[in-house]
Amino acid sequence: MTSISIQLATPEDTTRLGQDLALALRKGDLVTLSGDLGAGKSTLARGLIRTIADDHGYEVPSPTFTIVQSYPELRLPTSHVDLFRLASADEVDELGLDEALEDGAVVVEWPERAEGALSASSLKVTLVNDGDGRKALIEGEPAALARLQRSLGIREFLAKEGFATAERRYLLGDASARGYETIAMGEGHPFILMNSPYNPGGPVLRGGKTYMQIAHLSQSVNAFVALDSLLTSRGFTVPKIYAQDLNDGFLILENLGSDGILDGEGAPILERYEATVRLLAALHQHSWPRDIDLGKGISHHIHDFDRDAMMIEVELLSDWYVPRISGAALGPAQKAEFVAAWDKVFSQLNNTEKSLLLRDVHSPNILWRENENGINRVGLIDFQDAMIGPSAYDVASLIFDARVTIAPDIQDHLLGAYVDERRSADPGFDEALFRKAFAIMAAQRNAKILGIFVRLDERDGKSFYLKHLPRIRSYLDRVIVHPALAPVKQWCEKAGILSSEI
């Protein structure tokens, strides 16, 4: 069995190991902590729980007398168990640990007292004396160990870059394999750590390519680094990169803050949306290279948002959303009609304006900088999947924000602001052609998102996204009436999916 050995020279090192463990845990993980009295088990458990709580001063009382201390309110509900005073191993079944593992993680001190009555451990941590300090010996299930090794790799990266004693905290994970943390040194403003391991892309689907390759989704952190450099060079606000490890996929980034473009109730702030749409108008006036040199023989190619990429994305609608609401998968003839309808629509984009397409310009990826001026008030993140494609795409992504309802009158205002900005810079701007591309791209994106959110629920167990479906469906209903989308509208009407309830 693979094992990990970690030197812990001080109690602070033990606390930091608790942070590293916490950021590797998932629902269903059982962690056992073994060692003599005074070996540091409680220190380790306290560091772990406070990291999950995102609170350095979070109260973590010893469960010596209560046996189980539960924290159901945490991001990852956690139960802290001390079996030292367990009268009999038969009592383990009465502690409700299996139920706790269904919803979160369980950390058990003195697991030996259970005499084998515990469920199989995800990670077994043994603390032993080692000279003037301690040593942690860790064994476990391969998947859990791999997660821990990744987390420890982050700690090694931080140490190499001068952040050895940084306090790590979970920030967010998105719908991909990427994860983000805040890292703080003392009382200073925290930095952002991006954890973006190489993504092989899943099974081959067609033409020898995976979904990620067909859709031109980034598979490594190189894409973010390249686009970050490119956008910076053109005067747009993106996070500064302070340190990077391209091989392992680790970045230390500037923290642009947490102020976004929504108010405290989650409603859009018109001024901020308008500033963002005007930023897009400025971005679309630049010309953009296809290849970006990162040095040391590494480069990043910006792909075209081609027919195959557009099509495989809308096929998420036919392959996931349609079966969800109809109760049956499409037959070969229906699927062929679906593809043919979208082909007719996409063929109308051949002469539309192309520009850098950031791909996910919506409220979660836009940060507001109140003390800046002009386009510098808008900070951009999550642009690693950028392509060259219809400039209308990002405008549609913002105006039909997947995470917040944008009323039709605000949609019209924002689209008008974009058009005004483009016209003022270029009197020859073709508004009619742009509006047609806008409708097509809005339909394509919202069709894709309907399928993605159903897939996230059915395949990945992420039901959270289902609450957005009525909004996305209403967006699709609004844009599909454009004459350019007639073939798709006819198909959707025939399939009965435009106004169905999920």
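Any value given below was found using the heavy atoms of this structure, including those in side chains, with hydrogens, waters and symmetry copies removed.
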Does some side-chain heavy atom of [Y] sit less than 4.5 Å from a side-chain heavy atom of [X]?
X: Ile325; Y: Val454; answer: no
X: Leu205; Y: Ile312; answer: yes
X: Tyr465; Y: Ile452; answer: no
X: Leu414; Y: Glu274; answer: yes
X: Gln348; Y: Ile440; answer: yes
X: Glu370; Y: Arg272; answer: yes
X: Met311; Y: Val339; answer: yes
X: Glu313; Y: Tyr211; answer: yes

Pairwise distance [atom1]([X]) to [atom2]([Y]) - rounded to 0.5 angstrom:
X: Ile399; Y: His362; atom1: CD1; atom2: NE2; result: 14.5 Å
X: Phe400; Y: Arg445; atom1: CZ; atom2: CZ; result: 11.5 Å
X: Ile497; Y: Arg473; atom1: CD1; atom2: CZ; result: 9.5 Å
X: Asn365; Y: Leu380; atom1: CG; atom2: CG; result: 9.0 Å
X: Leu466; Y: Arg324; atom1: CG; atom2: CZ; result: 5.5 Å
X: Ile241; Y: Leu251; atom1: CD1; atom2: CG; result: 5.5 Å

For the pair [X] (side chain) and [Y] (backbone), establish whether a donor and an acceptor sit closer than 3.5 Å, ignoring hydrogens and angles.
X: Ser397; Y: Tyr393; value: no
X: Ser229; Y: Ala226; value: no
X: Arg377; Y: Gly374; value: yes
X: Arg234; Y: Ser287; value: yes
X: Gln219; Y: Tyr198; value: no
X: Lys354; Y: Thr352; value: yes
X: Tyr475; Y: Asp401; value: yes
X: Gln19; Y: Arg168; value: yes
X: Asp263; Y: Glu265; value: yes
X: Trp288; Y: Leu283; value: yes

Which atom pair, heavy atoms only, marks the closest approach of [X] to [Y]?
X: Phe305; Y: Met441; result: CE2-SD, 4.0 Å
X: Val404; Y: Arg471; result: C-NE, 3.2 Å
X: Ala22; Y: Leu48; result: CB-O, 3.4 Å
X: Gly208; Y: Gln213; result: O-OE1, 4.2 Å
X: Phe236; Y: Ala282; result: CZ-C, 4.2 Å
X: Val345; Y: Val488; result: CG2-CG2, 3.6 Å

Trace of the side chain to side chain contact (heavy atoms under 4.5 Å, CB included) decision for Glu493 with Trp491: CA-CA 5 Å; Glu493 289 174 340; Trp491 189 94; over 6 Å; no

Does this structure show an ion pair linking [X] with [Y], if we count only N-O contacts that are shorter than 4.0 Å?
X: Lys335; Y: Asp319; answer: yes
X: Arg359; Y: Asp385; answer: no
X: Arg178; Y: Asp382; answer: yes
X: Arg147; Y: Asp29; answer: yes
X: Arg478; Y: Asp412; answer: yes
X: Lys436; Y: Asp430; answer: no

Identified side chain to side chain contact (heavy atoms under 4.5 Å, CB included) counterpart of Leu270 within the set Ile261, Ile410, Ile406: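 Output: one option passes, namely Ile410.
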
Geometric cation-pi criterion, Arg169 with Tyr58: 6.0 Å, 45°: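 No, Arg169 and Tyr58 do not form such a contact.
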
Ring geometry between His468 and Phe464 (parallel below 30°, tilted from 30 to 60°, perpendicular above 60°):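 Aromatic pair Phe464/His468 classed perpendicular.
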
Parallel, tilted or perpendicular: ring planes of Phe383 versus Phe224, cut at 30 and 60 degrees: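 Taking Phe224 first and then Phe383, their aromatic rings lie parallel (interplane angle under 30°).
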
Residues forming a side chain to side chain contact (heavy atoms under 4.5 Å, CB included) with Ala223, sequence neighbours excluded: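 Scan of Ala223 (side chain to side chain contact (heavy atoms under 4.5 Å, CB included), adjacent residues dropped) gives Ser218, His300, Gln384.
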
Test log, rule side chain to side chain contact (heavy atoms under 4.5 Å, CB included), inputs Val314 and Phe346: CA-CA 11 Å; Val314 296; Phe346 293 152; 4.1 Å; yes

Enclosure of His56 NE2 (heavy-atom neighbours >12, cutoff 6.0 Å):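 Open.
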
Atom CG of Asn351 with >12 non-hydrogen neighbours under 6.0 angstrom: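 It does not: Asn351 CG has 12 such atoms or fewer within range.
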
Working for side chain to side chain contact (heavy atoms under 4.5 Å, CB included), residues His286 and Leu356: CA-CA 9 Å; His286 287 268; Leu356 186 68; over 6 Å; no

Test side chain to side chain donor-acceptor pair (under 3.5 Å) applied to Asp20 and Ser151, step by step: CA-CA 6 Å; Asp20 300 340; Ser151 182; 4.5 Å; no

Pairs flagged by side chain to side chain donor-acceptor pair (under 3.5 Å) wherever residues 415-428 is involved - sequence neighbours left out: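 Those involving residues 415-428 are Arg278-Glu421, His284-Tyr418, Glu353-Arg422, Tyr418-Arg422, Arg423-Glu431.
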
Residues Phe250, Arg150; criterion side chain to side chain contact (heavy atoms under 4.5 Å, CB included); working and verdict: CA-CA 10 Å; Phe250 300 137; Arg150 182 75 184 175; 3.2 Å; yes

